[in-house]
There are 2 protein chains.
Amino acid sequence: MLTIGQLASYAGVTVRTVRHYHAKGLLPEPERDRSGYRRYGAAAVVELVRIRTLADAGVPLSRVRELLAADDEEFVAAVEDIDRRLRAEIRERQVHRERIAKLAAGDSLALPPEVVAYVDRMRELGFRERLVEIERDSWTLIAAQMPEQVGPWMAMKQAQLEDESLRRLYLDVGELVDCGPDDPRLPVLADRVAAFIEAAADGAEGVEEEHPVSDDLVALLDAAFVECFPGAVRMLELLEERGWTGWTNIRRSTPAPVAPALPADC
Amino acid sequence: MLTIGQLASYAGVTVRTVRHYHAKGLLPEPERDRSGYRRYGAAAVVELVRIRTLADAGVPLSRVRELLAADDEEFVAAVEDIDRRLRAEIRERQVHRERIAKLAAGDSLALPPEVVAYVDRMRELGFRERLVEIERDSWTLIAAQMPEQVGPWMAMKQAQLEDESLRRLYLDVGELVDCGPDDPRLPVLADRVAAFIEAAADGAEGVEEEHPVSDDLVALLDAAFVECFPGAVRMLELLEERGWTGWTNIRRSTPAPVAPALPADC
DNA sequence: GCTTGACCTTGACGCCGGGTCAGGGTTGCA
DNA sequence: TGCAACCCTGACCCGGCGTCAAGGTCAAGC
């Protein structure tokens, strides 16, 4: 008769594993000798080897119990099922590999490459770091909720960066970092923003009709803007006085709703 | 300000997940409102999206904490490490797939195909089911401990099956199923077995020199034989009287050790 | 004002396949 | 007789949350 250690070593498993299988009901508890030790016959080794054969093939232990008692049909069906699971887990890992490869390639977390290019260009052009960060974070949020919309939007934003007058306006928006609520630069900046939006509102239709952003997301992006800049609240008030409401998706606040304007996108 | 549910839905995770990340220290606990609810700013959404981006790429949460604070070099090193892990997990699953495919192909658990062919042939030739089972179980044990030895052994066993006089002897061994310890057939059978072994011992060298079986395994196989047949113990005694000891690896029990005999292999 | 349902809180257990430790009893060998 | 190597049970541990329990809070409708 075998002790548990001998049984385990015949089957190439640990003693703990054998006891685990007893607890799970996979292997029946054998007789005990007078000192309480488990005593096994050779048949137990065969059973244990069968269990390990299935377990080593990636069959979950709960399934092993069924399979040991299954007839051929059930067995084949169960094997197909397990193979499906294994294929799914392999696919999952492959997707994971692609994703971390992209993370290692792009130099920033959770950002599509167009956006990485965009924020790099902002840094080249001398934008305030704080403004670059809030852009990056905003696009992180947008990419999380509507990844396929990022491309068209980015094309527009990149074009805006290369427009000199618009760029100068946006560079000055970066100065909001330093503005307290009573900073004299704020009303001037609000005038310039309002003038630009006004002009743009008359022009061509933007990306925003084809790729609308949900109200929730707009509210979140506005909140991020406000959290980031101390002068942001005052800026929104000043824009309100000039007939505009919001920032990410800026719109006329006059009673009659008009066509939406090109967003400034913080 | 956002509640935990809103935060979670922005990032596409469950509330439980957010709390889990708080508990793990991945996401800082935010301020509470007067009723004790957590209140989040937009920055928390950005942080949470970053965490999920890494987690969705298969990065373990313990690693996520490091990676969020890592510089580029550490990041690249960590990503390589994670990719190694993913590759290893994929390989593991692929091995599992091959194994269960083999299990589904061979019609019996834990048996190499040669053995399956062998036991099928035994059934065709009209061997007692009990004898077939003990053969199958014995080979299950052998395959578990020394899989690469099974091939050569099987070749010999299959040849033995096709030898008519030997087959007839072995068919009669199957009758041990019905033999009590005092069955009159037992001494006759013991004589025949002894005669065969005697003859074989003078003949050519067998497989057993090139592919020796460990003493432990031999003892286990003998034990399986004894467990399986009520007349087995008496049979071993009778063989002992005739100068032979053991069954799986039967040897002369005379004082001076002699060259080992061809095993009968239960 | 009251109810209802959706949300929030903490705390705890469950899953899977065992690893590992603690605190003891038993066996076999020198 | 001592010691090492084995055996026993019971318990906690890992990851990444799911799920339940038992209660507090909020907003909306009647």
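This one's a predicted model, so the numbers in the text were calculated from it and none came from an experiment. Protein chains get the first letters and strands the later ones, always in sequence-line order, with residue 1 at the start of each.
Between dG18(C) and Y21(A), a contact under 4.0 Å exists linking OP1 or OP2 to a side-chain N or O. Taking only side-chain nitrogens and oxygens, T14(A) comes nearer than 4.0 Å to OP1 or OP2 of dG19(C). OP1 and OP2 of dG11(C) both lie 4.0 Å or more from every side-chain N or O belonging to R16(B). Using a 4.0 Å cut-off, no side-chain N or O of T3(B) falls inside it from OP1 or OP2 of dC7(C).
Rounded to an integer number of Å, the gap from R19(A) CZ to dG18(C) C1' is 12 Å. Atom CG of D56(A) is separated from atom C1' of dG18(C) by 13 Å (rounded to the nearest Å). Atom NE2 in H96(B) sits about 11 Å away from atom P in dG17(C), given to the nearest Å. Taking atom CG on D33(B) and atom P on dC8(C), their separation rounds to 11 Å, with Å as the unit. Atom NE2 in H22(B) sits about 13 Å away from atom C1' in dC8(C), given to the nearest Å.
Using a 4.0 Å cut-off between a side-chain N of Lys or Arg and a carboxylate O of Asp or Glu, E98(B) and K102(B) do not qualify as a salt bridge. The pair R93(A)-D83(B) does not meet the salt-bridge criterion, since no charged nitrogen lies less than 4.0 angstrom from a carboxylate oxygen. Using a cut-off of 4.0 Å between Lys/Arg side-chain N and Asp/Glu carboxylate O, R38(B) and D33(B) are scored as not salt-bridged. Of the charged side-chain nitrogens involved, none lies within less than 4.0 Å of a carboxylate oxygen, so that R130(A) and E133(A) do not count as a salt-bridged pair.
If you walk DNA chain D from 5' to 3' and mark each nucleotide with an atom closer than 4.0 Å to a heavy atom of chain B, the marks span dG15(D) to dC26(D).
Listed for the E114(A) side chain is no donor-acceptor partner under 3.5 Å among the backbone atoms of V150(A). Side-chain atoms of D137(A) never come within 3.5 Å of backbone atoms of V46(B) as a donor-acceptor pair (strictly under, hydrogens ignored).
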### Query
Do E135(B) and W139(B) pass the side chain to side chain donor-acceptor pair (under 3.5 Å) test, and can you show the C-alpha distance, the side-chain angles, and the key distance before you say yes or no?
CA-CA 6 Å; E135(B) 274 289 349; W139(B) 289 99; 2.8 Å; yes
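Contact annotation for R65(B): no contact, since no heavy-atom pair falls under 4.0 Å across all strands. Here R52(A) lies in heavy-atom contact (under 4.0 Å) with sugar-phosphate atoms only. When heavy atoms are screened at a 4.0 angstrom cut-off, R34(B) is found touching the sugar-phosphate backbone but no base atom. Looking at heavy-atom distances under 4.0 Å, R32(B) makes contact with sugar-phosphate atoms alone, never a base. Residue R38(A) is classed as a sugar-phosphate contact, given heavy-atom separations below 4.0 Å to backbone atoms only. Residue-level contact check: R39(A) touches neither bases nor backbone, having no heavy atom under 4.0 Å from any strand.
Positionally, the nearest nucleotide of DNA chain C for S35(B) lies more toward the 5' end than for the other of S35(B) and S35(A). When each of Y37(B) and Q6(A) is assigned the nucleotide of DNA chain D bearing its nearest heavy atom, the one mapping closer to the 5' terminus is Q6(A).
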